[in-house]
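Taking it in order: structure first as structure tokens, then the write-up.
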Amino acid sequence: TDEESAALSLEERLRWTRLALQLATADAATSLEAGTFAQRPDHHVSRLPILVDESVWWELGKIYEDALQGALDVQASSAERMAGDPEATSIPATVVTMFFEMPERG
């Protein structure tokens with residue numbers, strides 16, 4: 001949560017961020033090497049450099065918070081269905097959500 005993040009020092013937040021990025025990069029590299037990253041035509045990867053003002057910065061946080069909660073909800077409902085059907089096929093997936101401030105462009 002924002003509150004938990006605010007309770008950490010900048011150094012601690014950077015340490016957790018580095019760890020999450022290292023894990024996400026390793027997952028993506030493993031998937032690319034195995035040929036599964038883009039195997040499904042409905043996979044998604046995007047990069048969108050944007051410029052926003054201070055008044056809407058929080059809206060980006062809310063969008064990504066909602067996306068994370070949506071992914072958790074989908075995972076929970078899928079787990080329920082798979083628990084009721086031992087023949088169900090599971091699809092290993094990784095979800096990475098992020099937005100972050102960039103330094104000023106020179």
Side-chain angles (χ1 to χ4, degrees):
T1 65
D2 289 344
E3 293 79 21
E4 292 169 324
S5 182
L8 300 175
S9 69
L10 175 57
E11 182 178 301
E12 290 170 317
R13 289 193 303 270
L14 289 172
R15 191 174 0 196
W16 281 110
T17 299
R18 280 187 192 96
L19 176 60
L21 287 172
Q22 288 169 345
L23 292 171
T25 301
D27 287 345
T30 298
S31 181
L32 283 167
E33 185 67 29
T36 57
F37 194 103
Q39 179 174 304
R40 294 173 175 270
D42 57 350
H43 79 287
H44 180 88
V45 63
S46 60
R47 177 180 177 272
L48 178 65
I50 60 175
L51 187 61
V52 299
D53 65 12
E54 191 70 38
S55 69
V56 298
W57 176 259
W58 69 270
E59 288 184 54
L60 286 174
K62 180 68 174 132
I63 289 166
Y64 282 88
E65 181 182 313
D66 291 348
L68 174 60
Q69 187 58 56
L72 291 170
D73 292 347
V74 165
Q75 179 190 28
S77 65
S78 183
E80 282 183 34
R81 283 190 303 280
M82 288 188 295
D85 180 4
E87 302 294 318
T89 303
S90 61
I91 304 165
T94 295
V95 176
V96 177
T97 58
M98 67 175 90
F99 82 99
F100 48 92
E101 186 173 351
M102 291 291 294
E104 289 290 326
R105 296 179 187 158

Mind checking whether [X] and [Y] sit in one hydrophobic cluster, side chains of I, L, V, M, F, W, Y counted as touching below 4.5 Å?
| X | Y | value |
| --- | --- | --- |
| Leu14 | Leu19 | no |
| Val96 | Leu48 | no |
| Val56 | Leu60 | yes |
| Trp57 | Phe100 | no |

Where [X] and [Y] come nearest, the two heavy atoms and their spacing:
| X | Y | answer |
| --- | --- | --- |
| Ser55 | Glu59 | O-OE2, 4.4 Å |
| Phe99 | Tyr64 | CD2-CD1, 3.8 Å |
| Met98 | Leu21 | CE-CD2, 3.6 Å |
| Thr89 | Met82 | O-SD, 4.2 Å |

| query | Tell me, do Ser31 and His43 make a side-chain contact under 4.5 Å, heavy atoms counted? | reply |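 With C-beta onward as the side chain, the pair stays apart.
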
| Which is it for Val95 and Gln75 under the side chain to side chain contact (heavy atoms under 4.5 Å, CB included) test, yes or no, and what are the steps along the way? | CA-CA 11 Å; Val95 176; Gln75 179 190 28; over 6 Å; no

When you measure from the side chain of [X] to the backbone N and O of [Y], does any donor-acceptor pair fall under 3.5 Å?
| X | Y | result |
| --- | --- | --- |
| Ser9 | Glu12 | yes |
| Thr17 | Arg13 | yes |
| Thr30 | Ala26 | yes |

Rounded to the nearest 0.5 Å, how far does [atom2] of [Y] lie from [atom1] of [X]?
| X | Y | atom1 | atom2 | value |
| --- | --- | --- | --- | --- |
| Asp66 | Thr97 | CG | OG1 | 11.0 Å |
| Gln22 | Arg18 | CD | CZ | 8.5 Å |
| Lys62 | Asp2 | NZ | CG | 10.5 Å |
| Leu72 | Ser77 | CG | OG | 11.0 Å |
| Leu32 | Asp27 | CG | CG | 11.0 Å |

| request: Report yes or no: do Thr36 and Gln39 form a side-chain donor-acceptor pair below 3.5 Å? | output: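 Short answer, no.
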
| task | Count the heavy atoms of every other residue, nucleotide or ligand shown that sit under 6.0 Å from CD of Gln69, and state whether that count exceeds 12. | result | yes

